[in-house]
Amino acid sequence: MQGVLTGFTVIATVIAVGYVIGRRGYLGQDGRTVLTRLAFNVATPALLFTMLAGADLSVVLSGRLLVTAVAMAATAGIFAVVARFLLRWRADRITIGALCSSYVNAGNLGIPIAVYVLGDASLVAPVLLLQQIVVTPLALTVLDLSRPGEPVSAARRLTTPLRNPMAIASLAGVAVAASGLPLPGPLLEPLVLIGNMSVPAVLLAFGISLYGGERPGRGEDRGALHLSVALKSLVQPAVAWAVGAGLFGLRGEALLDVVVIAALPAAQNLFTYATHYRVAERFARESVLLSTLLSVPVLFTVAALLGP
């Protein structure tokens, strides 16, 4: 239980500081925009590169990751179908909504929970790799191609991931990890230092965005918002439990691992993506906030029911 409390306390504290910054106007009117751009274009790419460059790529093929991938695909798919055929959303809004319904906060919240609840920080590594190597580049490519403007050529569509800083950083990190060559300290340490700005910048920008906003769940997209939060907080862990226990025969700690990871809330960097591309910003902010709040009782319930 300490891991759940520690993770949420850290996140809530930094977001609260961001709210105070926004309320006091310490960073001016463009403070949130600057932090978002810093995170998207500089800090997060550095973090992704350093994290993936030292990763063990073999964990991507683990059986537990298949359970996580199925649960993510199920909730993202349900939201995408509803948003496309019932709500008539565009591809860019569907992408943000699907991410908010499936993309777990495996970093700044998942790691402490993995340490204190599951007893092993490495258990969160597979989903981190899956999201950064596969999900993020694909999602950002869709968002890039959905931007208004002139028709996009086939060559530009194929090379879109190579122009996105986070996709470039992820692919470069994977290449370094696959080569097995260690990075020299003078090259690695500056990137680690820059990457350490990523999570605080994202959380502070998120906190600033909360000042002056309406209470969540009152916008025109409240139906889609409620669907997204329910899919992320309730359906995804339920799917992980059903698939893990029913199809993969997981029991005990193995089953607890996949369900806890699926029950993690939507990641705060989804708000960064929405803000950067100016798509469904309020939806992303409220979905992340509500799923984070709801995940507290869900994680305690999962730990109580499936824990030793």
Subject >> From CA spacing to verdict: side-chain contact (heavy atoms from CB on, under 4.5 Å), Ser170, Leu52 >> reply: CA-CA 7 Å; Ser170 297; Leu52 293 174; 3.8 Å; yes
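- A distance-only check finds no donor-acceptor pair linking the side chain of Gln236 to the backbone of Ala71 [under 3.5 Å].
- Listed for the Ser198 side chain is no donor-acceptor partner under 3.5 Å among the backbone atoms of Gly195.
- The backbone N or O of Ala91 lies less than 3.5 Å from no partner atom in the side chain of Ser146, so there is not a single donor-acceptor pair.
- In terms of modelled atom types and a separation under 3.5 Å, the side chain of Arg251 and the main chain of Ala245 share a donor-acceptor contact.
- The distance from the CG atom of Leu256 to the CD atom of Glu253 is 7.5 Å, given to the nearest 0.5 Å.
- In the hydrophobic clustering of this structure, Met166 does not group with Val34; members are Ile, Leu, Val, Met, Phe, Trp, Tyr whose side-chain heavy atoms approach within less than 4.5 Å, directly or through other members.
- Here the side chains of Val279 and Thr95 are not in contact, with every heavy-atom distance at 4.5 Å or above.
- Closest heavy-atom contact between Val298 and Ala263: CG1-CB, 3.9 Å.
- Note on Val14: it clusters hydrophobically with Val296, by side-chain heavy-atom contacts below 4.5 Å among ILVMFWY residues.
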**OP:** Report the C-alpha distance between Ile96 and Leu143 in whole Å, list the side-chain angles of each, state the deciding distance to 0.1 Å, and finish with yes or no for side-chain contact (heavy atoms from CB on, under 4.5 Å).
**Re:** CA-CA 9 Å; Ile96 293 297; Leu143 291 172; 4.1 Å; yes
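- Among Leu255, Asp257, Val127, Ile261, the single residue meeting the side-chain contact (heavy atoms from CB on, under 4.5 Å) criterion with Arg64 is Asp257.
- Contact detail for Lys232 and Pro237: the closest heavy-atom pair is O-CD, 3.6 Å.
- The closest donor-acceptor contact from the side chain of Gln131 to the backbone of Val104 lies under 3.5 Å.
- Rounding to the nearest 0.5 Å gives a distance of 11.0 Å between CG of Leu250 and CG of Leu306.
- The line from CG of Asn105 to CD1 of Ile11 is 5.0 Å long, rounded to the nearest 0.5 Å.
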**OP:** Check the pair Arg93, Asp221 against side-chain contact (heavy atoms from CB on, under 4.5 Å), reporting the backbone distance first and the verdict last.
**Re:** CA-CA 11 Å; Arg93 290 176 63 83; Asp221 294 328; 2.5 Å; yes
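- The closest donor-acceptor contact from the side chain of Ser233 to the backbone of Ala230 lies at 3.5 Å or more, if one exists at all.
- Contact check for Tyr103 versus Thr136: side-chain heavy atoms found under the 4.5 Å cut-off.
- More than 12 heavy atoms of other shown residues, nucleotides or ligands fall within 6.0 angstrom of atom CZ in Arg282.
- Leu65 and Val135 fall within the same hydrophobic cluster, defined by Ile, Leu, Val, Met, Phe, Trp and Tyr side-chain heavy atoms under 4.5 Å apart, directly or through other members.
- Side-chain atoms of Asp92 and Tyr277, non-hydrogen and from C-beta on, never get closer than 4.5 Å to each other.
- Remark: the backbone N or O of Phe40 is not paired with any side-chain donor or acceptor of Thr44 at under 3.5 angstrom.
- Residues Arg285 and Ser209 approach most closely at CD-OG, 3.0 Å, considering heavy atoms.
- The side-chain contact (heavy atoms from CB on, under 4.5 Å) test with Phe85 is passed by exactly one of Val82, Val81, Leu87: Val81.
- Cluster membership for Leu35 and Val17, using ILVMFWY side-chain heavy atoms within less than 4.5 angstrom, is shared.
- Between the OG1 atom of Thr50 and the CG atom of Leu187 there is a distance of 10.5 Å, given to the nearest 0.5 Å.
- Here the closest non-hydrogen pair linking Thr272 and Ala39 is CG2-CB, 4.4 Å.
- Residue Pro137 comes nearest to Gln132 through the heavy atom pair CD-O, 3.2 Å, listed as atom of the first residue, atom of the second, then distance.
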**OP:** Take Leu140 and Tyr273 through the test side-chain contact (heavy atoms from CB on, under 4.5 Å) and record every step on the way to the result.
**Re:** CA-CA 8 Å; Leu140 296 183; Tyr273 302 161; 4.1 Å; yes
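- Between Pro190 and Gly185, the closest heavy-atom pair is CD-O, 4.0 Å.
- Panel note: side chain Ser179, backbone Val176; a donor-acceptor pair is recorded below 3.5 Å.
- Judged purely by atom type and a 3.5 angstrom limit, Ser295 uses its side chain to pair as donor or acceptor with the backbone of Thr292.
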Subject >> Stepwise side-chain hydrogen bond (donor to acceptor under 3.5 Å, both in side chains) test for Ser101 and Ser228 >> reply: CA-CA 5 Å; Ser101 305; Ser228 173; 3.2 Å; yes
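- For Ser291 (side chain) and Val229 (main-chain N/O), no donor-acceptor pair under 3.5 Å exists by modelled atom type.
- For Trp89, the ring-ring contact (aromatic ring centres under 6.0 Å, His included) criterion is met by Phe79, Phe283, not counting sequence neighbours.
- Under the 4.5 Å side-chain heavy-atom criterion for ILVMFWY residues, a single connected hydrophobic cluster contains both Leu270 and Leu294.
- The shortest side-chain heavy-atom distance between Leu289 and Phe271 does not fall under the 4.5 Å cut-off.
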